[in-house]
Amino acid sequence: MSAGPMRMRATLGSGFTDVRVLMSHVMETGQRKDASGQVIPLHFIQNVTVKLNGKTVVEGEVSQAVSRNPVFSFRLKGGQKGDKIEVSWLDNTGVTNKTEGAVA
Amino acid sequence: MLKTLMGGVALALAAAMPLQAQVDIRKETQRWQQMIAEGSPAELFEIEGEDLWKKKQGPKNVSLEGCDLGQGPGVVKAAYARLPRYFADADRVMDLETRLLHCMLTLQGRSREDAARRVFGNEDRPSEMELLSIYIAGQSRGVPMAPGTRHAKEREAFELGQKLFFHRAGAWDFSCSSCHGEADKRIRMQFLPVMSQPEGVRKIVATWPTYLVRNAQVKTMQWRIWDCYRQMRWPEPVFGSEATVALTQYLTVTGQGEPYAGPGTKR
Amino acid sequence: MQMNRRKALASAGAFGALLVAGLLRPVAALAAWNRAAFGAKSAPDVMKGLGVANAEPSTAIVIEAPQIAENGAVVPIEVMSNIPGTTALAVMIEKNPFPLASRFDFMDGALPFVKLNVKMGETSDVRVVATAGGKHYVATKEVKVTIGGCGG
Amino acid sequence: MNKHILLLSAAAILVAGCAAPLPVGERPKLAAADLDQLVAMSKRDFRARGIAGMDRVELDAALRTCNLYNDEPPREVAQPLEEAMLKAIPFPAGSLMGDWKRGQALAQSGRGMTWSDKPNTANGGSCYNCHQLSPQEESFGTLGTSLRNFGKIRGTSEAIQRYTYGKIYNSKAYNLCSQMPRMGHSKTLNEQQIKDLTAYLLDPNSPVNK
């Protein structure tokens, strides 16, 4: 399965850079049943990584308890316009996706 | 032993203490609503909707990019904020979804059956109509809502919608006004906006279509009306019918002037 | 101690079964993901799994969350630590079947802050553990999840 | 033909240009013809689905009157209609109080009567959607009055049982334009279910009265 779209916005706040990222993912808990009564298997993002100018600054591990179509906000120290931000994720089936952008 | 008992009593009391005594329900639910709106994934669906707008489909194999939403063929900027409105080529008032359906039939040459087969999607697969609507609506961000009010048919639609809003029927004798007619009322713990008054409906019409967190789906105003009638225990409103467009016209005119701030995120 | 080990083994066993079923492919194992902590079924076990069982209460951890959530499918939680030198934050939903919802490491260049949306099955305490200078701190906040009406 | 429409609509715009502002925020006064138009539109723009048939858009005398008078009919119009409906309530013989515990489950359940409900599933009373009842249930609606201590205040006399049962069966027999659904009359709830709800409201052991 290919990964759905991702969106990221990095904006300069007061003293920090606000990074907001949207991810398209089902985040299945493994407890839901489909129309035919079959349990829908666990399927969720496990790892989230934020890089600033190529250097990892946030490393996250998450569970199936994160809501469907996850939204995360992070804050980076200082930062300036044009700084490169990359956010990526990896799910429990090995699917991965990433998005890049510059601080605006 | 006594201490344990006392502890038990204290716990039971705490559990029985009504929530209202502890927290301001209105303030806290509004805070939840505000926080979910700040972290809205609605934008993800706008991207998919834009792809569909540009996708060649139907017997004529053309995209919807030539569709006239009221601002000229292909113009999506600020189009949603000026709907519903009268369209001379169809000689009727149309809301966004009715107009999109019209374009699917006339531009793309699709049959009504094909285009309207699946207007409401589910959490695993949103409908084409929902994705298109959320994309088009997103192109009106910041534009004050200004539906058509000058043409006789636009005025007629408002007046019809206004009458229908208060019209009681269905197995439980409900009208829209049964739940949305009085201020500060709730169903369970959900506060109900007064839709017949500008102050109650302005923020509503300026945030639909919307992402609903309770089912992780993007939903449109046609769906909102459809699902209200379901819960009002009426028969099913026909998608894009005069009744549904008249209600949307009534609500949008009542709430006009508010800058469009959607697509929103709601419960 | 022995008890813990048995629990850890049991949860490893469960994940082993999932691996066999092909639900979790080995590739996921390449990235760090704390199976013991995420597989734990109570907040104390999560804390043991994270190695933060000795966390002490702190008011310098700020948990922003609504006191009432009208739907448990999306409960926004904003967490920030004002403890100098904070390098990690873990978020637990105590009453969820698997309480640990997330944990984040913050390297130089990031502030110890995260906002995320989580699912909550019922009214529960949200427990946050911060790690700073090799010590652990904890704070909690209750979120009530209500029965929905029909609107929207 | 097109040109004709264009001309017509241009004329319409001109006329509208000097028309009065739309009556935003008002509740329109209806004539009988408006009501006929609304019923005709409902028949055209709604369709039967599942258990929700088109008979539901037909108006009986009570609803027709309420719609016509914006829920405030003159007393002399309302009274005979109320009296007729009161006479039509099929009160069962004997005690009208069933099992409050079953009543509680009914009060909690909002299921039933929508086009997505299956024909043979048990309907609920949806009471908590609009009313406060037991202090243990914090998630209650406020469209209806609070029914907290309903029986504690009123007791369990035969007259009170009869009023409670009847009000649930057909609220409009007591107040023609009541906003409350007619739970028995609409066949949402059966006799036993209404007795159970009556007990939930009146029984001294029910949490409603604790």
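Residue numbering restarts at 1 for every chain, and letters A, B, ... go by the order of the sequence lines.
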Can you say whether [X] sits under 4.5 Å from chain B via the side chain, the backbone, both, or neither, judging by heavy atoms?
{"X": "D:L143", "result": "both"}
{"X": "D:M41", "result": "side chain"}
{"X": "D:K187", "result": "neither"}
{"X": "D:E58", "result": "neither"}

Residue selection (most heavy-atom pairs with chain B, distance under 4.5 Å) from D:G50, D:C130, D:S116 | D:S116
Largest heavy-atom contact set with chain B, pairs under 4.5 Å, which of D:D71, D:L35, D:N70 |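 The answer is D:D71.
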Please find the pair of heavy atoms, one from [X] and one from [Y], that lie closest to each other, and give the distance.
{"X": "B:P235", "Y": "D:G53", "value": "CG-O, 3.4 Å"}
{"X": "D:P23", "Y": "B:Q162", "value": "O-NE2, 2.9 Å"}
{"X": "D:P21", "Y": "B:R155", "value": "C-NH2, 4.3 Å"}
{"X": "D:M113", "Y": "B:A171", "value": "CE-CB, 3.8 Å"}

What option among [options] has the most heavy-atom pairs under 4.5 Å with chain D?
{"options": "B:M232, B:K185, B:R233, B:Q256", "value": "B:R233"}
{"options": "B:W234, B:Y250, B:F191, B:F174", "value": "B:W234"}
{"options": "B:S175, B:S241, B:A246, B:G240", "value": "B:S241"}

Residue part contacting chain D, namely of [X], when any heavy atom lies under 4.5 Å:
{"X": "B:F166", "result": "both"}
{"X": "B:E236", "result": "both"}
{"X": "B:E199", "result": "neither"}
{"X": "B:P237", "result": "both"}
{"X": "B:S178", "result": "both"}

Could you tell me the separation between the [atom1] atom of [X] and the [atom2] atom of [Y], rounded to the nearest 0.5 Å?
{"X": "D:Q179", "Y": "B:R168", "atom1": "CD", "atom2": "CZ", "value": "4.0 Å"}
{"X": "B:Q249", "Y": "D:L22", "atom1": "CD", "atom2": "CG", "value": "8.0 Å"}
{"X": "B:W172", "Y": "D:R56", "atom1": "CH2", "atom2": "CZ", "value": "9.5 Å"}
{"X": "B:R188", "Y": "D:S126", "atom1": "CZ", "atom2": "OG", "value": "8.5 Å"}
{"X": "D:S178", "Y": "B:D173", "atom1": "OG", "atom2": "CG", "value": "8.5 Å"}
{"X": "D:D34", "Y": "B:L164", "atom1": "CG", "atom2": "CG", "value": "12.5 Å"}

Give the intermediate values and the outcome of side chain to side chain contact (heavy atoms under 4.5 Å, CB included) for residues B:H167 and D:L59.
-> CA-CA 10 Å; B:H167 183 66; D:L59 305 175; 3.8 Å; yes
Whether over 12 other heavy atoms sit under 6.0 Å from [X] [atom1]:
{"X": "B:R112", "atom1": "CZ", "value": "no"}
{"X": "B:E182", "atom1": "CD", "value": "no"}
{"X": "D:R111", "atom1": "CZ", "value": "no"}
{"X": "D:R44", "atom1": "CZ", "value": "yes"}
{"X": "B:E113", "atom1": "CD", "value": "no"}

With under 30° as parallel and over 60° as perpendicular, where do the rings of B:Y229 and D:F46 fit, or are they tilted in between?
->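 Because their plane-to-plane angle is over 60°, the rings of B:Y229 and D:F46 count as perpendicular.
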Where do B:T244 and D:D45 land on the side chain to side chain contact (heavy atoms under 4.5 Å, CB included) test, with the steps shown first?
-> CA-CA 8 Å; B:T244 59; D:D45 289 354; over 6 Å; no
Flag the pair D:E138 / B:I25 as yes when at least one side-chain heavy-atom distance between them is below 4.5 Å, and no otherwise.
->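 Counting from C-beta outward, D:E138 and B:I25 never come under 4.5 Å.
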Between the main-chain N or O of D:T142 and the side-chain N or O of B:R186, is there a donor-acceptor pair closer than 3.5 Å?
-> no
